[in-house]
Amino acid sequence: MTISPSHRDNTERGCILPTLSSELSRSSEEVRKVITKELKRIIEFISDLADIDKSTGSALLSITVGSLVLARSVDDLSMSDSFLAAGKQHAKNLLQHSIPTYDDKKLT
């Protein structure tokens, strides 16, 4: 999932979470159980891929989904774009502060 105008504007493509998230809380227990299982799988995938802990993976998913939900919710394109830009920037910041850095002097 990407935080981009293209993803915002093309709801028929990409991840379904931003589109369905508001409906999921009103779904049956069976549907919510499936969604919970899939969200755990997605968080684990993100965490493994980015080499981050699951808490950071959860935050990254939350930022991404939330940014797209809010960007799609308003009728002001400038405001919508600002949600996307803020989400993208904070996702990058989260990753930059979560990935271990190594002091070259300690590696020798």
So OG of Ser58 and NZ of Lys40: to nearest 0.5 Å the spacing works out to 10.5 Å
Shortest non-hydrogen pair, Phe83 vs Val74, comes out as CE1-CG1, 4.1 Å
Applied to residues 70-97, the salt bridge (Lys or Arg N to Asp or Glu O under 4.0 Å) test, sequence neighbours excluded, yields Arg8-Asp81
**Request:** Would you check, one step at a time, whether the test side-chain contact (heavy atoms from CB on, under 4.5 Å) holds for Leu39 with Leu17?
**Result:** CA-CA 9 Å; Leu39 285 173; Leu17 287 175; 3.7 Å; yes
On a heavy-atom basis, the closest approach of Gly57 and Ile43 is C-CG2, 4.2 Å
For Leu60 and Ile52, the nearest pair of non-hydrogen atoms, with its separation, is CD2-CD1, 4.4 Å
Interatomic distance, NE2@His90 vs OG1@Thr64, rounded to 0.5 Å, equals 12.5 Å
Between Ser27 and Val31, the two heavy atoms sitting closest are CB-CG1, 3.6 Å
Closest non-hydrogen atoms of Leu95 and Ala50, given as atom of the first, atom of the second and distance, are CD2-CB, 4.1 Å
Applying side-chain hydrogen bond (donor to acceptor under 3.5 Å, both in side chains) to Glu30 and not counting sequence neighbours gives none
Check: Ser25 side chain, Ser21 main-chain N or O, donor-acceptor pair, under 3.5 Å:
no
* To do: Check the pair Leu68, Leu84 against side-chain contact (heavy atoms from CB on, under 4.5 Å), reporting the backbone distance first and the verdict last.
  => CA-CA 7 Å; Leu68 285 165; Leu84 296 177; 3.9 Å; yes
Quiz item: Is it the case that one hydrophobic cluster holds both Met79 and Leu70, taking links as side-chain heavy atoms less than 4.5 Å apart, direct or via other members?
Solution: yes
What one should report as the nearest heavy-atom pair of Ser67 and Gly87 is OG-CA, 3.1 Å
Sorted by chain and number, sequence neighbours left out, salt bridge (charged side-chain N to carboxylate O under 4.0 Å, His left out) with Glu29 holds for none
Do Ser73 side-chain atoms and Val69 backbone N/O form a donor-acceptor pair below 3.5 Å?
-> yes
Across all chains, not counting sequence neighbours, the salt bridge (charged side-chain N to carboxylate O under 4.0 Å, His left out) partners of Arg41 are Glu38
Please test Ile46 against Thr56 for side-chain contact (heavy atoms from CB on, under 4.5 Å), starting from the C-alpha separation and ending with a verdict. CA-CA 9 Å; Ile46 291 168; Thr56 304; over 6 Å; no
Applying side chain to side chain contact (heavy atoms under 4.5 Å, CB included) to Ser4 and not counting sequence neighbours gives Thr2, Ser6, His7
In short, salt bridge (Lys or Arg N to Asp or Glu O under 4.0 Å) pairs touching residues 55-70 with sequence neighbours left out are none
